[in-house]
Amino acid sequence: MESYISELNHEQQQAVMHTEGPLLIVAGAGTGKTKTLTRRIYHLIRSGIAPENILAITFTNKAAAEMRERVQHLMHGHSEYKNEMPFMSTFHALGAFLLRNHADRMGLKKHFVIADSTDQKGLIKDAMHALDINPKQWEPKRIRSIISKNKGDLVTPSDYQKTIASALAEITHAVWVRYEELLAENSAIDFDDLLCKTHDLLNGHPDILNLYQNKWKYIHIDEYQDTNTAQYRIAKLLAAGHKNICVVGDGDQNIYSWRGADMRNMLNFEKDYPGARAIVLERNYRSTQNILTAADEVIKKNSNRIPKKLHTENEAGHAIKIYHAFSERDEATFIAEQCGRSIALGADPREIAVLFRTNFQSRAIEEALLHSGIQYQVLGVKFFDRKEIKDVLSYIRAALNPESLGDIARIINTPKRGIGKATLAKIFAGQAESLTPKVREKYTAFTATLALIKKTAETETASNTVRITLEKSGLIDELIPQNEEDAERIANMKELVSYATRYDHMAPVEGIAKLMEDAALMGEQDSLENKKDLPAVRLMTIHASKGLEFDHVFITGLEQGLFPSQRDDEKKEDTEEERRLMYVALTRARKNLYLSHARTRRVYGDQELRTPSEFLMDIPPHIAEHIADPWTGEQGGEGDGEKIIYLDF
């Protein structure tokens, strides 16, 4: 047996050597998914399949590059292949390739423009302006999100029109139609068109479909659980000719349903392809057995899944440490102390990750790490660098200092008030009296808002000043909580109110001034910490951590309503996705795992009692070590089987 096969475990070998017919590889976290997939591609080539007859598709450019690099490494030294390589790319890159080759069949120019997210936002706003639709009343981001989701589901504007049941849907349809016209006028297609137009190309032109069915006789789809309707149907069309399709994925890591990812595509694979073989990879090469046991106990409560149980030949490892914090500040201090201790014992800071369900949680953790002198990097934007936080602070600065022209320029049209650059120039030139009555009225309302904020700062606490700023500026009102991105921004702004409470003991003005000073200093310190060549602890959301792994992982904010998050209209699918998210978080850890929650947490400035997450109750007592709470002295010993009961009144 060749070494590239013999070094695999039994299940991996079976997956590599099953070359004919449909194959489902259920690959649990850390089970060598990419290694198995690339060895399978190489095995096909060694078996006599021409590289040009092999297609491999994944979701990110990074994953596609890694796949390509690994196959190239395996093929190194085989001069008979010369420069031949399988077609390995993302779904969107595949779409761009097909559409450029057959642009005329889709009524496109060969060198069509692909509109990026900035272009799309601009075109949506242009469409709304042309239709005289108020962007303050109808949020452009929300409309763009609805259009994108429907395109991913292969819904056309005419299809969508038949389902209109609300004013938002009616507005969206009108904007969508005009948006498509603007794309055509610019010889452009958007990111979603790369998928839906590719589907239309293959589905509507049998000769082209036949060409690529015969070209790509062996098809591989990575992260199959994350495919949306368009991606699923593209794969099914291409595989229909020879049915040599191999899909790889893990339904337990499906955490992107809000983007259109449909786990049913994976669950129904054996129905779509009768006679398909299913191979489950369960041997984990990443984590200790204790970590895998915890992950299994959490995920097995989901019913909508393909059963599997991860195991490893690694050692049992350290007990999972559970910290019952008094508050979010206590939780953050604990994390900083543990990070410092691990680093002092020789841990690479880059091998430490702090994970959270929602972005606003990073604020307290960033502060604790800064206070401890621990270098850190936030995957995403740091708290005081986030646009919405900068906007709030600019309102307060402009209110306290009317000569702060930079702050006024930033917020005078945030949210939109119809005050353009020409109007702003007149205002800065002291010519406000020359404005038209309508514009002057808007400017007067703006200055009245600043006056109210100033009065509040001069008479009330820092947290009330921030709260009034949010309420009277319109910054929260312009956001739509149902939109995940907007909900994150609202949570961040409310976290700023909670942060401001620490200055409430100070006199009016003095407290808010100190808050502004500290925020500026923290932002400056953040920028100093952001040197990429410095070893640093990683902070990120759990969604952002997917595909990554670390020696030491902290999962924070394990409280009901925070993680798992809960909504009033919650469905079973939402509950199961929260469990999958916890499973993903747990399986990022290789050696040490810390779970923490707060008994109390400040929410919008108010101290709230919190209930521990149900996920904590899933951790078997014999693998858990409860760390003493310095406020109460409560502690559960490792393996003692004790349970802590919380009573909420």
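The model shown is predicted, which means the values in this text are computed figures rather than measured ones.
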Do Gln289 and Thr312 have side-chain N/O donor and acceptor atoms under 3.5 Å apart? no
Nearest 0.5 Å please: distance from the CG atom of Leu154 over to the SG atom of Cys196. 6.5 Å
Gln13 and Arg39: side chain donor to acceptor below 3.5 Å: no
Are the ring centres of Tyr212 and His102 closer than 6.0 Å? yes
Please tell me whether Thr227 and Asn265 have a donor and an acceptor in their side chains that are separated by less than 3.5 angstrom. yes
Any donor-acceptor pair under 3.5 Å linking the side-chain atoms of Thr31 with those of Asn284? no
Please find the pair of heavy atoms, one from Val16 and one from His43, that lie closest to each other, and give the distance. O-CD2, 3.4 Å
Could you label the plane-to-plane angle of the Phe191 and His92 rings as parallel, tilted or perpendicular, counting under 30° as parallel and over 60° as perpendicular? parallel
Under 6.0 Å between ring centres: does that hold for Phe87 and Phe97? yes
Gln225 side chain to Asp250 main-chain N or O, any donor-acceptor pair under 3.5 Å? yes
Do Lys546 and Tyr256 meet the cation-pi criteria used here (NZ or CZ under 6.0 Å from the six-membered ring centre, within 45° of the axis)? no
Scan side-chain atoms only and decide if Tyr218 and Glu20 contain a donor-acceptor pair under the 3.5 Å cut-off. yes
Does the side chain of His220 pick up a donor-acceptor pair with the side chain of Arg40 at under 3.5 Å? yes
Please confirm whether the backbone N or O of Ile146 pairs with a side-chain atom of Asn150, one donor and one acceptor, at under 3.5 Å? yes
For Ser565, is there any backbone N or O sitting under 3.5 Å from a side-chain donor or acceptor partner on Glu578? yes
Using the rule given for salt bridge (charged side-chain N to carboxylate O under 4.0 Å, His left out), can you reason through Glu351 versus Arg590, listing the C-alpha separation, both sets of side-chain angles and the distance that settles it, and then say yes or no? CA-CA 10 Å; Glu351 287 297 337; Arg590 296 192 194 103; 2.6 Å; yes
Looking at Gln120 and Ala115, would you say the former's side chain and the latter's main chain have a donor-acceptor pair under 3.5 Å? yes
Pairing donors with acceptors under 3.5 angstrom, does anything connect the side chains of Thr38 and Glu66? no
So does Ser187 get a backbone contact from the side chain of Lys109, meaning a donor-acceptor N/O pair under 3.5 Å? no
Return the OG1 to CD distance between Thr34 and Glu69, rounded to the nearest 0.5 Å. 12.0 Å
When you measure from the side chain of Asn290 to the backbone of Gly317, do you find a donor-acceptor pair of N or O atoms at a distance under 3.5 Å? yes
Measure from the ring center of Tyr323 to the ring center of Tyr594 and say whether it is less than 6.0 Å. no
Nearest 0.5 Å please: distance from the CG atom of Asn244 over to the NE2 atom of His18. 8.0 Å
For Arg283 and Asn9, does a side-chain donor sit closer than 3.5 Å to a side-chain acceptor? no
Does the Tyr232 side chain pair with the main chain of Tyr224, one donor and one acceptor, at a distance under 3.5 Å? no
Under 3.5 Å: donor-acceptor pair, side chain of Thr90, backbone of Ala93: yes
Who are the ring-ring contact (aromatic ring centres under 6.0 Å, His included) partners of Tyr273, not counting sequence neighbours? Phe269
So does Glu7 have more than 12 non-hydrogen atoms from other groups sitting under 6.0 Å from CD? yes
May I ask you to test the Leu595-Ile619 pair for a side-chain heavy-atom distance under 4.5 Å? yes
Nearest atoms (heavy-atom pairs only) where Asp296 meets Lys308: OD1-O, 3.7 Å
Check the pair Ser89, Ile57 against side-chain contact (heavy atoms from CB on, under 4.5 Å), reporting the backbone distance first and the verdict last. CA-CA 5 Å; Ser89 78; Ile57 302 298; 3.7 Å; yes
Using the ring-ring contact (aromatic ring centres under 6.0 Å, His included) criterion, which residues pair with Tyr285? Sequence neighbours excluded. none
Quiz question: by atom type and distance under 3.5 Å, do the side chains of Gln253 and Tyr583 form a donor-acceptor pair? no
Test the Arg538-Tyr376 pair against the cation-pi criterion, namely NZ or CZ under 6.0 angstrom from the six-membered ring centroid and within 45° of the ring axis. no
Where the side chain of Asn268 meets the backbone of Lys271, is there a donor-acceptor pair that is under 3.5 Å apart? no
